[in-house]
Amino acid sequence: MDYDRAQHIILSNDKIEVTWQGEPVWIDSLDKYSGVATVHPENDSRVSKKVPITELQER
């Protein structure tokens with residue numbers, strides 16, 4: 001996924017399914033300059049991690 005699409009997903013009122021390494025995640029924030037997204041698993045908002053935006057997949 002690219003930054004622009006990830007940003008669109010964050011701003012969307014619709015639920016757009018996104019996965020990272022096959023697991024459903026929510027995108028919490030994006031850093032355009034480092035190319036990193038902060039995400040958390042759909043079922044656990046207490047656990048977040050930083051991952052490359054390019055590794056996110058839209059389902």
Side-chain angles (χ1 to χ4, degrees):
M1 177 177 303
D2 65 21
Y3 172 85
D4 291 331
R5 181 61 185 148
Q7 184 68 25
H8 181 264
I9 290 171
I10 287 177
L11 298 175
S12 176
N13 289 329
D14 298 324
K15 181 182 184 300
I16 301 170
E17 294 185 31
V18 174
T19 61
W20 177 70
Q21 294 187 345
E23 298 296 321
V25 295
W26 287 100
I27 303 171
D28 297 319
S29 63
L30 300 168
D31 184 333
K32 184 176 186 174
Y33 300 104
S34 68
V36 171
T38 302
V39 301
H40 70 268
E42 250 185 32
N43 61 356
D44 190 354
S45 62
R46 297 170 294 155
V47 179
S48 65
K49 60 182 83 177
K50 295 185 183 303
V51 301
I53 296 169
T54 57
E55 291 184 9
L56 298 174
Q57 298 290 316
E58 184 175 352
R59 292 180 29 137

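Note that the structure is predicted; figures quoted are calculated from it, not measured. In what follows, every heavy atom counts, from backbone to side chain, and hydrogens, waters and symmetry copies are set aside.
Taking both residues in full, the closest heavy atoms of V36 and I53 are given as C-CG1, 3.7 Å, listed atom of the first, atom of the second, then distance. Minimum interatomic distance between L30 and A37 (heavy atoms only, all atoms of both residues): CD2-CB, 3.6 Å.
In this structure, the side chain to side chain contact (heavy atoms under 4.5 Å, CB included) partners of Q57, at least two apart in sequence or on a different chain, are T19. Every residue meeting the side chain to side chain contact (heavy atoms under 4.5 Å, CB included) condition with D31, not counting sequence neighbours, appears here in chain and number order: Y33, S34. Legend: residues meeting side chain to side chain contact (heavy atoms under 4.5 Å, CB included) with S12, ordered by chain and number and at least two apart, are D14, I16. In this structure S29 satisfies the side chain to side chain contact (heavy atoms under 4.5 Å, CB included) test together with T38, sequence neighbours excluded. Applying the side chain to side chain donor-acceptor pair (under 3.5 Å) test to D28 and every residue at least two apart in sequence or in another chain returns H40.
The shortest side-chain heavy-atom distance between V18 and M1 falls under the 4.5 Å cut-off.
In this structure, CG on L56 lies 10.5 Å from CG on D2, to the nearest 0.5 angstrom. From W26, atom CH2 reaches atom CD1 of I9 across 10.5 Å, with rounding to the nearest 0.5 Å.
Pairs engaging residues 15-24 under the salt bridge (Lys or Arg N to Asp or Glu O under 4.0 Å) rule: K15-E42, E17-R59 [sequence neighbours left out].
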